[in-house]
Amino acid sequence: MNNPVKPIIETDRLVLRPLERGDAKSLLTIFSDPEVMKYWNTPPWASIQDATDFIESAQADLDSEAAITLGILAKETEELMGKCMLFGHDKTSRRAEIGFGIGRRYWGKGFIQEAGLALIAYGFETLNIRRIEAEIDPHNTGSARALTRMGFTQEGLLRERWEIGGVVSDSALFGLLASDRGGR
């Protein structure tokens, strides 16, 4: 049976499932890549400990229902391609934030949109979320396009929001309502 707080979500090409300790090496390969991390608010991972710490944190967040972080796996090969997450869940306001990251070799193949639409449906239909938000670097045009294709609308810009490694960047804010999709 699928635990609503520890979901396993299947799409045509993907399986989204909670991260496991065995995912650490694949996650490190993905998130130590400076190109993958170019627009993130953290530097690239430097060691297997970074990946292990992330998995442990993700598991604790699942247990406490603070966030849902799922590995994105290719259905046919079970290869870990990246991760997606719903976090910052405010149950009273029925809102959460969404985030994604996949390995560079999977870019431009529609995997983020496929995983994203499944996670969005899960958030609206199972968790009864009313609003999902995303915050991205405005220079990250690939993420902006993916969010727009998933139905998000850019709602604002926070100037000089982050400083990572001495680089100051803005944040573009996107939002999607359940009612935008015909939901509650």
Side-chain angles (χ1 to χ4, degrees), residues 6-59 61-62 67-88 96-123 132-152 154 162 164-167 169-174 176:
K6 295 185 180 181
I8 296 174
I9 303 168
E10 292 191 32
T11 70
D12 288 343
R13 301 181 294 167
L14 305 173
V15 174
L16 311 179
R17 60 129 171 97
L19 293 170
E20 302 168 351
R21 285 188 77 74
D23 296 328
K25 185 176 177 185
S26 295
L27 285 175
L28 177 61
T29 298
I30 295 165
F31 296 103
S32 63
D33 182 340
E35 281 300 305
V36 170
M37 299 299 284
K38 182 176 182 177
Y39 297 114
W40 288 57
N41 61 1
T42 59
W45 294 357
S47 71
I48 196 72
Q49 190 63 50
D50 291 333
T52 301
D53 290 347
F54 183 85
I55 292 167
E56 288 174 2
S57 177
Q59 290 172 338
D61 286 346
L62 267 174
I68 297 171
T69 301
L70 304 175
I72 302 171
L73 288 84
K75 190 180 268 188
E76 287 187 11
T77 64
E78 298 183 9
E79 181 178 1
L80 184 72
M81 303 163 66
K83 63 181 173 72
C84 59
M85 55 197 313
L86 285 173
F87 61 101
E97 295 179 55
I98 195 167
F100 305 94
I102 63 170
R104 201 178 344 167
R105 69 187 231 203
Y106 304 110
W107 291 359
K109 297 179 174 147
F111 293 121
I112 288 295
Q113 183 173 352
E114 188 172 331
L117 290 172
L119 189 58
I120 288 164
Y122 178 81
I132 298 177
E133 301 169 351
E135 176 185 343
I136 66 168
D137 185 308
H139 296 106
N140 189 346
T141 57
S143 285
R145 279 192 307 271
L147 289 167
T148 301
R149 283 192 304 267
M150 287 185 265
F152 283 79
Q154 185 172 345
W162 298 103
I164 307 298
V167 177
S169 64
D170 300 338
S171 281
L173 301 179
F174 287 76
L176 177 66

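Just so it is clear, the model here is predicted, and its values are computed rather than measured.
Counting heavy atoms from C-beta on, the side chains of Trp107 and Ile102 come closer than 4.5 Å. Contact of the Arg13 side chain with the Lys75 side chain is not registered, since no non-hydrogen atoms from C-beta on lie closer than 4.5 Å. Using a 4.5 Å heavy-atom threshold, the side chains of Ile132 and Ile120 count as touching. The shortest distance between side-chain heavy atoms of Leu70 and Leu119 falls below 4.5 Å. Side-chain contact check for Phe174 versus Ile98: every heavy-atom pair is 4.5 Å or farther apart.
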For this session: For side-chain contact (heavy atoms from CB on, under 4.5 Å), just list the numbers for Ser47 and Leu28, CA-CA rounded to whole Å, side-chain angles, deciding distance to a tenth of an Å, and then say yes or no.
Result: CA-CA 7 Å; Ser47 71; Leu28 177 61; 5.7 Å; no
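By the 30° and 60° cut-offs, the orientation of the rings of Phe54 relative to Trp45 is tilted.
Asp23 pairs by the side chain to side chain donor-acceptor pair (under 3.5 Å) definition with Arg17, not counting sequence neighbours. Taking the side chain to side chain donor-acceptor pair (under 3.5 Å) definition, one finds that Glu56 meets it with Arg21, sequence neighbours left out. Residues satisfying the side chain to side chain donor-acceptor pair (under 3.5 Å) criterion with Asp170, sequence neighbours excluded, are absent altogether. Looking at residues two or more places apart in sequence or on another chain, you find a side-chain contact (heavy atoms from CB on, under 4.5 Å) between Ile30 and Val36. Every residue was checked against the ring pair (Phe, Tyr, Trp, His ring centres under 6.0 Å) condition with Phe100, not counting sequence neighbours, and none meets it. By the side chain to side chain donor-acceptor pair (under 3.5 Å) test, Glu97 is found to be paired with no residue, residues two or more places apart in sequence or in another chain being considered.
Residues Ala51 and Ala24 share a closest heavy-atom pair of CB-O, 3.3 Å.
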